[in-house]
Chemist: 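The structure's right below; bear with me while I get my questions together.
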2 protein chains.
Amino acid sequence: MSLNKNHQINPKISTDCVIFGFDNEGLQVLLIERKPVSDREENNALPGDLIYDDEDLDDAAQRVLKELTGLSDIFLEQIGAFGSPDRLSKPEDKKWLESVRQYPDERVITIAYYSLVNKNLYKPQASSFAQSAVWVPVSEVTTLAFDHFEILKAALKQLRSKIKTQPVGFNLLPAQFVLSDLHKLYESILGRPLDKRNFRRKINKLGIVESLNKKQTGVPHKPSLIYKFNEENYQRLVEEGYDNFGF
Amino acid sequence: MSLNKNHQINPKISTDCVIFGFDNEGLQVLLIERKPVSDREENNALPGDLIYDDEDLDDAAQRVLKELTGLSDIFLEQIGAFGSPDRLSKPEDKKWLESVRQYPDERVITIAYYSLVNKNLYKPQASSFAQSAVWVPVSEVTTLAFDHFEILKAALKQLRSKIKTQPVGFNLLPAQFVLSDLHKLYESILGRPLDKRNFRRKINKLGIVESLNKKQTGVPHKPSLIYKFNEENYQRLVEEGYDNFGF
DNA sequence: TAGCAAAGTGTAATTGTGACACCAAGGATA
DNA sequence: TATCCTTGGTGTCACAATTACACTTTGCTA
């Protein structure tokens, strides 16, 4: 910490959340559709909000998540700060801000987070911005408002690197699942195919899933065994300093 | 982005830099000694500064680095934002801020960076805070001002994880070095011993160092060959998508 | 010239990875 | 009720990577 200098600013601080979900369609992200202009994709934005006085950054992100999805205490990790002085200055973005902010020209630095939600628990909320929330397959997103596409790319990168060392994927699945769901999830996140037998071998060796000795019913093919995540074994691995899940 | 709400703040934004250096004593970090009170360690702080209007976050961190070390264009990576509302409120810290800031009670959110500098190129500068900069072995740091110890721990964690996938260590070494320097560097960063033969095999296989066919002189033991980092081979590896340096 | 200190080198056992193909089970349908 | 369709579930082999481990070389110093 040094002495004061001239020209320092007091920007606004926001938090923007990249909320990932997963289903048979693959990896999705929850976006807010902004109303005006055409329905071009670049009008979508990440959900976010300005942070409050005396509010911790993580708490602000949890609050956004809660307002939007109704979920609390879910996986959430900071991506980093995005604060380019011109990050809000695309013409469409400026116009939109003018309609919505008291001081639309103020600089805003955002602290970005990503989180993993189980879409089965997700229930859209009635809060002001949750109305226009939509799940969009990550692979179909090519542009977003502000610098949000850049933030999404950073989130994906961090998630990919995280899932190689920690079994965070379970946050995206229901409590009971089938190994092929987990398999598809890993393929969706990593964006490449994984050999079925090798995948299963790895998962089994880790001992982080546990069969419930129940089978699927009503499926037009051989029913799969149903599994749950074994949190105790996972905790043991982490305590032993294990951090390589090797994908 | 949602609608405005009450209670939003306009905090100050600072950047704090964890500047790592390396020599025979191991991994070091550059700290600022705050003047008052006793010479207890918790008076040391990370170098940092408030950011300017219209200044990009990365640029602010580069500026701090330049003012402090005289170096520009060196390895620098964001760690993340630290913004707990009470991060400045330890009594000693408050007293110090009162002596130095116009509005010492203002909330300050910091964007932390870490960087790797070659101590041979480092020359202390005459800037206001560079006067009291000191290199301290990372292993001896146990407390710091504000939340800076937490930031240091995050920096170390990120560096350890980074060095497993990218050969960033070369930023800490002189342009010409000896394999045992590189070996000691990796051991210092990872905090555990690495087998000499296995280490050399890995480095050689990667092809990212290149012998200059010169030997050390004046050492009281068998002289070592002198190496340099092979940037072309490294670039090739990165372009091929290689990101596992396997330590 | 003896001794010291660090440099430099190879192998064997184990473990991990990647590629690959067939049978099983249940529902759907003819 | 037999056939077909779809997905579940399984083992092996070749190769690569990792770990553990000890002795000789070189140059300076005493």
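Proteins come first, then strands; the chains are lettered A, B, ... in the order of their sequence lines, and each starts at number 1. All values derive from a computational prediction rather than experimental measurement.
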Chemist: Applying the ring-ring contact (aromatic ring centres under 6.0 Å, His included) test to Phe170(B), which of Phe229(B), Phe22(B), Tyr234(B), Phe75(B) qualifies?
Modeler: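 Answer after filtering Phe229(B), Phe22(B), Tyr234(B), Phe75(B): Phe229(B).
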Chemist: Which residues in residues 210-220 of chain A have a heavy atom closer than 4.0 Å to any atom of DNA chain C?
Modeler: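 Contacting residues: Lys215(A), Val219(A), Pro220(A).
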Chemist: Tell me, which of residues 184-194 of chain B have any heavy atom that sits under 4.0 Å from an atom in DNA chain C?
Modeler: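 Those residues whose heavy atoms fall under 4.0 Å from DNA chain C, taken from residues 184-194 of chain B, amount to none.
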Chemist: Below the 4.0 Å mark, does dA6(C) have OP1 or OP2 next to a side-chain nitrogen or oxygen of Ser180(B)?
Modeler: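 Looking at the OP1 and OP2 atoms of dA6(C), neither is under 4.0 Å from any side-chain N or O of Ser180(B).
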Chemist: Can you list everything that forms a ring pair (Phe, Tyr, Trp, His ring centres under 6.0 Å) with Phe245(B)? Sequence neighbours excluded, please.
Modeler: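 If we apply the ring pair (Phe, Tyr, Trp, His ring centres under 6.0 Å) test to Phe245(B), skipping adjacent residues, the hits are Tyr242(B).
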Chemist: Which residues pass the ring pair (Phe, Tyr, Trp, His ring centres under 6.0 Å) test with Tyr186(A), not counting sequence neighbours?
Modeler: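 Listed in chain order: Phe199(A), Phe247(A).
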Chemist: Quick one: does Lys222(B) reach the base of dG8(C) with a side-chain donor-acceptor pair under 3.5 Å?
Modeler: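 Absent.
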Chemist: Asp58(A): which residues meet the side-chain hydrogen bond (donor to acceptor under 3.5 Å, both in side chains) condition with it, sequence neighbours left out?
Modeler: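 Here the qualifying residues are Tyr113(A).
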Chemist: Nearest whole Å is fine: how far is dG8(D) C1' from Leu182(A) CG?
Modeler: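 It works out to 15 Å between those atoms.
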Chemist: Can you check whether Arg200(B) has a side-chain N or O nearer than 4.0 Å to OP1 or OP2 of dG8(C)?
Modeler: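 Result: yes.
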Chemist: Rounded to the Å, how far apart are Arg197(A) CZ and dC13(D) C1'?
Modeler: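 Atom-to-atom, Arg197(A) to dC13(D), this comes out as 12 Å.
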Chemist: Send over the distance from Phe199(A) CZ to dC20(C) C1', rounded to a whole Å.
Modeler: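 Rounded to the whole Å, the gap is 19 Å.
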Chemist: Once salt bridge (Lys or Arg N to Asp or Glu O under 4.0 Å) is applied, do any residues pair with Lys214(A), and if so which ones, sequence neighbours excluded?
Modeler: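 By the salt bridge (Lys or Arg N to Asp or Glu O under 4.0 Å) rule, Lys214(A) matches no residue at all.
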Chemist: Using whole Å, what does the distance between atom P of nucleotide dA5(C) and atom NE2 of His221(B) come to?
Modeler: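 Whole-Å distance recorded here is 11 Å.
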Chemist: Using a 3.5 Å cut-off and no angle test, enumerate the donor-acceptor pairs between side-chain atoms of residues 160-169 of chain B and protein atoms at least two apart in sequence or in another chain.
Modeler:
| residue | atom | partner | partner atom | Å |
| --- | --- | --- | --- | --- |
| Arg160(B) | NE | Ile189(B) | O | 2.7 |
| Lys162(B) | NZ | Glu77(B) | OE2 | 2.8 |
| Thr165(B) | OG1 | Lys162(B) | O | 3.3 |

Chemist: With sequence neighbours left out, write down each residue that passes salt bridge (Lys or Arg N to Asp or Glu O under 4.0 Å) with Lys215(A), or none if nothing qualifies.
Modeler: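 Checked Lys215(A) against salt bridge (Lys or Arg N to Asp or Glu O under 4.0 Å); zero matches.
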Chemist: Among residues at least two apart in sequence or on other chains, which ones pass ring pair (Phe, Tyr, Trp, His ring centres under 6.0 Å) with Tyr227(B)?
Modeler: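 So Tyr227(B) forms no ring pair (Phe, Tyr, Trp, His ring centres under 6.0 Å) with any residue.
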Chemist: Pairs under 3.5 angstrom only: tabulate donor-acceptor contacts from the side chains of residues 119-126 of chain B to other protein residues two or more places apart or in another chain.
Modeler:
| residue | atom | partner | partner atom | Å |
| --- | --- | --- | --- | --- |
| Lys119(B) | NZ | Asp23(B) | OD2 | 2.7 |
| Gln125(B) | NE2 | Lys123(B) | O | 2.9 |

Chemist: Rounding to a whole Å, what distance do you find between His183(B):NE2 and dA6(C):P?
Modeler: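 Result: 14 Å.
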Chemist: Dump every N/O contact between nucleotides 12-17 of chain C and the protein below 3.5 Å, one line per pair.
Modeler:
none

Chemist: Keeping the roles fixed (side chain from Gln176(B), backbone from Ile226(B)), state whether a donor-acceptor pair exists under 3.5 Å.
Modeler: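 Looks like no, no N/O pair under 3.5 Å.
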Chemist: Can you check whether Leu173(A)'s main-chain N or O pairs, donor with acceptor, with Asn118(A)'s side chain at less than 3.5 Å?
Modeler: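 Confirmed, Asn118(A) side chain pairs with Leu173(A) backbone.
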Chemist: Can you check the Ile226(B) CD1 to dA7(C) P distance for me, whole Å?
Modeler: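 Result: 12 Å.
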Chemist: Just how far, in rounded Å, is P of dT7(D) from CG of Asp181(A)?
Modeler: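 Rounded to the whole Å, the gap is 13 Å.
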Chemist: Touch check for Leu225(A), heavy atoms < 4.0 angstrom, all strands: base, sugar-phosphate only, or nothing?
Modeler: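 Result for Leu225(A) = sugar-phosphate.
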Chemist: Provide the full list of salt bridge (charged side-chain N to carboxylate O under 4.0 Å, His left out) pairs with a residue in residues 180-206 of chain B, sequence neighbours left out, each pair given once.
Modeler: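 Applying salt bridge (charged side-chain N to carboxylate O under 4.0 Å, His left out) to every pair that reaches into residues 180-206 of chain B, excluding sequence neighbours, yields nothing.
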Chemist: Need to verify one output field. Residue with the more 5' nearest nucleotide on DNA chain C, Pro223(A) or Asp195(A)?
Modeler: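 It is Asp195(A) whose nearest nucleotide is closer to the 5' end.
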Chemist: Rounded to the Å, how far apart are Leu206(B) CG and dA17(D) C1'?
Modeler: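 Rounded to the whole Å, the gap is 12 Å.
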